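What follows is a short report on a single structure.
Proteins get letters first, then strands, A, B, ... in listed order; numbering begins at 1 in each. Just so we're clear, the structure is a prediction, and the values are computed from it rather than from any experiment. Just so it is clear, the values below take in all heavy atoms, side chains as well, and ignore hydrogens, waters and symmetry mates.
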Number of protein chains: 2
Amino acid sequence: MVNQDDPRPGSEALHGTDRDRRSQLVDAAVDHVAAHGIADLSLRRLGAAIGVSHRMLIHYFGSKEQLLVEIVRTSERRQRDLLSRLHLEPGLAPADVARLLWQRLTDPRLAGQERLFFEICGQALRGRPEAAPVLEGLVTDWLEPLVAAETAAGANPATARSRARLGLATVRGLLLDLLATGDRAGVDAAMEEFLRLYYGSDRT
Amino acid sequence: MVNQDDPRPGSEALHGTDRDRRSQLVDAAVDHVAAHGIADLSLRRLGAAIGVSHRMLIHYFGSKEQLLVEIVRTSERRQRDLLSRLHLEPGLAPADVARLLWQRLTDPRLAGQERLFFEICGQALRGRPEAAPVLEGLVTDWLEPLVAAETAAGANPATARSRARLGLATVRGLLLDLLATGDRAGVDAAMEEFLRLYYGSDRT
DNA sequence: GACTTCATGTACCACACGGTACATGCGCGG
DNA sequence: CCGCGCATGTACCGTGTGGTACATGAAGTC
């Protein structure tokens with residue numbers, strides 16, 4: 001009765017509702033963080049925002065650090081889901097696939113997530129531990145499918161890797177531009193210019 | 001004798017040594033911030049690091065906010081100086097100019113500054129007020145010289161703008177890739193691929 | 001040589017933070 | 001109906017923060 005908190009939340013002691021509550025909390029936390037940033041997050045404010053006392057966040061996640069790890073992981077998963085959920089009808093030209101992907105990425109409803117992405121990058125580059133694992137997958141995780149697409153399109157492996165890396169970097173750079181300036185038309189035009197260079201001027 | 005601090009540092013009351021001291025402090029602060037990040041900066045730690053009491057930082061800058069403004073502004077100025085100090089001998093092909101600029105930007109000694117750039121971006125995208133002014137100049141300030149270079153190379157204005165925007169975004173995306181992965185060779189290869197697409201395969 | 005000015009330091013304040021101890025109350029097994 | 005386990009809340013603690021009041025001492029002035 002002295003200490004009734006399970007010191008190992010997430011262990012086998014958690015079943016059913018408890019696990020549900022936990023993921024429900026982390027979902028709400030990601031939403032809040034996508035909207036308000038991760039920089040000056042405090043357990044108290046987060047708790048107040050999602051309707052729980054900061055005590056419970058500690059209870060479910062052990063510490064602020066672990067909660068942040070969970071938030072970052074979940075946010076990453078959401079990002080990746082967005083790509084994998086992109087089921088394309090076959091017969092589309094690569095340039096059109098890219099254009100479609102760009103359209104989805106720049107959906108204003110995703111702006112919060114994209115901002116969060118760059119914010120987490122900034123923190124991770126500083127060595128903030130809970131954001132550091134992101135750096136690993138930041139490039140490589142996205143590279144694999146892109147390389148696959150390039151090789152399928154007939155590029156030799158080395159070129160495919162460079163081209164994939166280039167495409168990823170350009171998309172991110174333009175995304176940053178869009179978030180900073182909000183100049184949708186200008187950024188879209190730059191993207192079109194890129195597609196022209198990347199896939200050739202003929203849209204097959 | 002009650003309050004001997006000038007409430008308006010930077011006003012006409014500051015002359016000579018005072019102003020020098022101030023800029024000396026902000027220089028040291030930028031160095032420290034480039035090395036240790038801006039996220040969890042505290043006046044006390046910064047003061048200890050650069051050899052001054054946190055009291056004096058308040059004295060010279062009025063508040064932490066204003067100090068951060070100064071730091072960001074100075075860091076920006078340094079970045080831009082880096083570009084303008086790039087006096088190139090004429091007769092270089094645009095692709096070679098770009099390659100040279102890329103070499104300088106990716107100098108490991110600049111890694112701290114580059115990281116700081118992305119960190120500030122992340123914060124600014126969140127609406128942190130002292131970083132917000134950065135967003136304005138983040139694209140446009142760099143676009144002007146690039147557009148000038150493109151038009152000089154014979155592109156029509158609209159295309160020049162899109163191409164400039166694209167080049168800037170790609171450089172930044174690849175810079176982020178480099179900082180995250182450290183894979184210098186891979187990123188350089190992607191850059192070469194971009195230059196090939198951007199300026200054509202022939203290196204005049 | 002007394003007076004003033006001002007840069008700098010020391011000690012302090014109120015506050016918000018992460019984290020902990022303890023209370024409370026709900027839901028379920030007997 | 002009881003009793004226990006557990007989710008949740010409240011009150012607290014130590015710490016570090018930005019910012020302020022006041023002390024101190026070294027220059028410069030008349």
Side-chain angles (χ1 to χ4, degrees), chain A residues 1-26 28-29 32-33 36-71 123 128-130, chain B residues 1-26 28-29 32-33 36-71 123 128-130:
Chain A
M1 204 176 293
V2 179
N3 181 5
Q4 62 207 6
D5 283 351
D6 189 330
R8 294 167 292 115
S11 72
E12 74 234 339
L14 292 181
H15 300 111
T17 61
D18 213 15
R19 182 161 238 112
D20 292 350
R21 183 94 178 101
R22 194 181 140 99
S23 49
Q24 164 193 340
L25 283 181
V26 68
H32 178 263
V33 152
H36 298 88
I38 210 175
D40 49 358
L41 182 74
S42 90
L43 294 183
R44 288 175 150 86
R45 272 203 300 268
L46 173 61
I50 68 180
V52 87
S53 79
H54 83 285
R55 165 70 177 74
M56 295 318 295
L57 295 173
I58 295 283
H59 172 234
Y60 280 108
F61 299 96
S63 73
K64 187 186 182 182
E65 289 284 284
Q66 292 173 254
L67 170 57
L68 280 175
V69 170
E70 213 79 11
I71 288 176
Q123 308 259 356
R128 191 148 163 175
E130 68 273 8
Chain B
M1 204 174 292
V2 179
N3 181 6
Q4 62 207 5
D5 284 351
D6 188 332
R8 293 165 291 119
S11 71
E12 70 233 336
L14 292 181
H15 300 112
T17 61
D18 215 15
R19 182 163 239 113
D20 292 351
R21 185 95 179 98
R22 193 182 141 99
S23 48
Q24 164 193 341
L25 284 181
V26 69
H32 178 263
V33 152
H36 299 90
I38 210 176
D40 49 359
L41 181 73
S42 89
L43 293 183
R44 286 174 151 86
R45 272 202 301 269
L46 173 61
I50 69 180
V52 88
S53 79
H54 84 285
R55 166 70 176 76
M56 295 318 296
L57 295 173
I58 295 282
H59 172 234
Y60 279 108
F61 299 95
S63 73
K64 186 186 183 184
E65 288 281 287
Q66 292 174 253
L67 170 57
L68 281 174
V69 170
E70 214 79 10
I71 288 176
Q123 308 260 356
R128 192 148 163 178
E130 68 274 9

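In terms of position on DNA chain D, the residue among A:S53 and A:R44 whose nearest nucleotide sits closer to the 5' end is A:S53.
Computed from coordinates, the B:L57 CG to C:dG9 P distance equals 10 Å when rounded to whole Å. Between the CD1 atom of A:I58 and the C1' atom of C:dC17 there is a distance of 10 Å, given to the nearest Å. With rounding to whole Å, A:L67 atom CG is found 14 Å from C:dC17 atom P. Rounded to whole Å, the distance from CD on B:Q24 to C1' on C:dA7 is 13 Å. Atom CZ in A:R55 sits about 17 Å away from atom P in D:dC13, given to the nearest Å. When the P atom of D:dG18 is taken as reference, atom CG of B:L43 falls 4 Å away, rounded to whole Å. Atom C1' of nucleotide D:dT17 and atom NZ of B:K64 are separated by 8 Å, given to the nearest angstrom. One can place CE of A:M56 at 14 Å from C1' of C:dT20, the figure rounded to the nearest angstrom.
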Stepwise, does the side chain to side chain contact (heavy atoms under 4.5 Å, CB included) test hold for A:R45 with A:H36? CA-CA 11 Å; A:R45 272 203 300 268; A:H36 298 88; over 6 Å; no
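No donor-acceptor distance shorter than 3.5 angstrom exists from the side chain of A:R21 to the backbone of A:Y60, with no hydrogens or angles considered.
Counting only heavy atoms from C-beta outward, the side chains of B:F61 and B:V26 approach each other to under 4.5 Å. Put simply, the side chain of B:Q123 reaches to within 4.5 Å of the side chain of A:Q123, judged on heavy atoms.
A pairwise comparison of heavy atoms in A:A29 and A:I71 identifies CB-CD1, 3.8 Å as the closest pair.
Under 4.0 angstrom from either OP1 or OP2 of C:dA7 there lies no side-chain N or O belonging to B:Y60. Contact check, B:H59 against C:dA7: a side-chain N or O comes under 4.0 Å of OP1 or OP2. Remark: A:S42 is in phosphate contact with C:dC17, judged by side-chain N or O atoms under 4.0 Å from OP1 or OP2.
Side-chain atoms of A:H54 come within donor-acceptor range of the base of C:dG19, with a qualifying N/O pair under 3.5 Å.
Using a 4.0 Å heavy-atom cutoff across all strands shown, B:L41 reaches sugar-phosphate atoms only and no base atom.
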